[in-house]
Amino acid sequence: MPAHLADTWGTAESLYGGEAGQSQMYLDSDGYGVMAGSTSPPTRIDGKDDEGPQVRALIGFPLRAGITCRTRR
C-alpha cells in the first residue's frame with residue numbers, strides 16, 4: 001500500500017458530531033484498517049428538546065485493502 005494512502009479518511013465531523021450520519025476509515029500502510037459509521041442523532045417526534053445526550057447507532061467492521069496493477073499487452 002503506498003504510504004500516501006495510509007491515513008484517516010472521513011467526514012468533517014467526528015462520529016458523534018453534526019446533524020447528519022458520519023463515517024470514518026482508518027487505513028494502515030499494511031492495508032489493514034477499519035471503517036466505522038454513525039447514524040444522525042435522533043429527533044423527538046413531539047418536538048421537545050430535552051437537552052440530553054443524543055445517542056447514535058454506531059457500526060464498524062475490519063477491512064483489508066490492496067492495489068492491483070494490470071498492464072495491457
Side-chain angles (χ1 to χ4, degrees):
M1 183 69 53
H4 66 277
L5 293 179
D7 204 348
T8 301
W9 304 86
T11 55
E13 300 281 349
S14 75
L15 292 177
Y16 297 98
E19 295 298 319
Q22 306 296 331
S23 63
Q24 292 181 345
M25 181 177 74
Y26 305 94
L27 186 60
D28 204 359
S29 59
D30 62 2
Y32 287 98
V34 64
M35 183 167 270
S38 69
T39 63
S40 58
T43 305
R44 290 181 57 137
I45 59 172
D46 61 7
K48 294 181 182 177
D49 184 11
D50 63 358
E51 297 182 15
Q54 296 182 335
V55 179
R56 295 173 181 243
L58 297 173
I59 188 169
F61 56 91
L63 60 92
R64 172 82 163 107
I67 295 178
T68 304
C69 233
R70 295 183 185 182
T71 58
R72 291 183 170 200
R73 294 181 188 218

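The structure presented is a predicted model; accordingly, all values stated were derived computationally and were not measured.
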Smallest separation among heavy atoms of [X] and [Y], with atom names:
X     : Y     : value
Leu15 : Ser38 : O-OG, 2.7 Å
Ser29 : Ala6  : N-CB, 3.5 Å
Phe61 : Val34 : O-CG2, 3.3 Å
Ala65 : Leu27 : CB-CD1, 3.9 Å

Backbone N or O of Gly37 within a donor-acceptor pair of the Arg56 side chain at under 3.5 Å?
no
Are the side chain of Asp28 and the backbone N or O of Asp30 linked by a donor-acceptor pair below 3.5 Å?
no
Counting neighbours of CD1 on Ile59 that are heavy atoms of other residues, nucleotides or ligands and sit closer than 6.0 Å, is the number greater than 12?
no
According to a hydrophobic-cluster definition based on side-chain heavy atoms being under 4.5 Å apart (Ile, Leu, Val, Met, Phe, Trp, Tyr only), do Leu5 and Met25 belong together?
yes
Side-chain heavy atoms nearer than 4.5 Å, only ILVMFWY residues, links allowed to pass through others: does that put Leu63 and Trp9 together?
yes
Residues two or more places apart in sequence or in another chain: which of them pass side-chain hydrogen bond (donor to acceptor under 3.5 Å, both in side chains) with Thr11?
Gln22
Are side-chain heavy atoms of Glu19 and Pro41 found at a separation under 4.5 Å?
yes
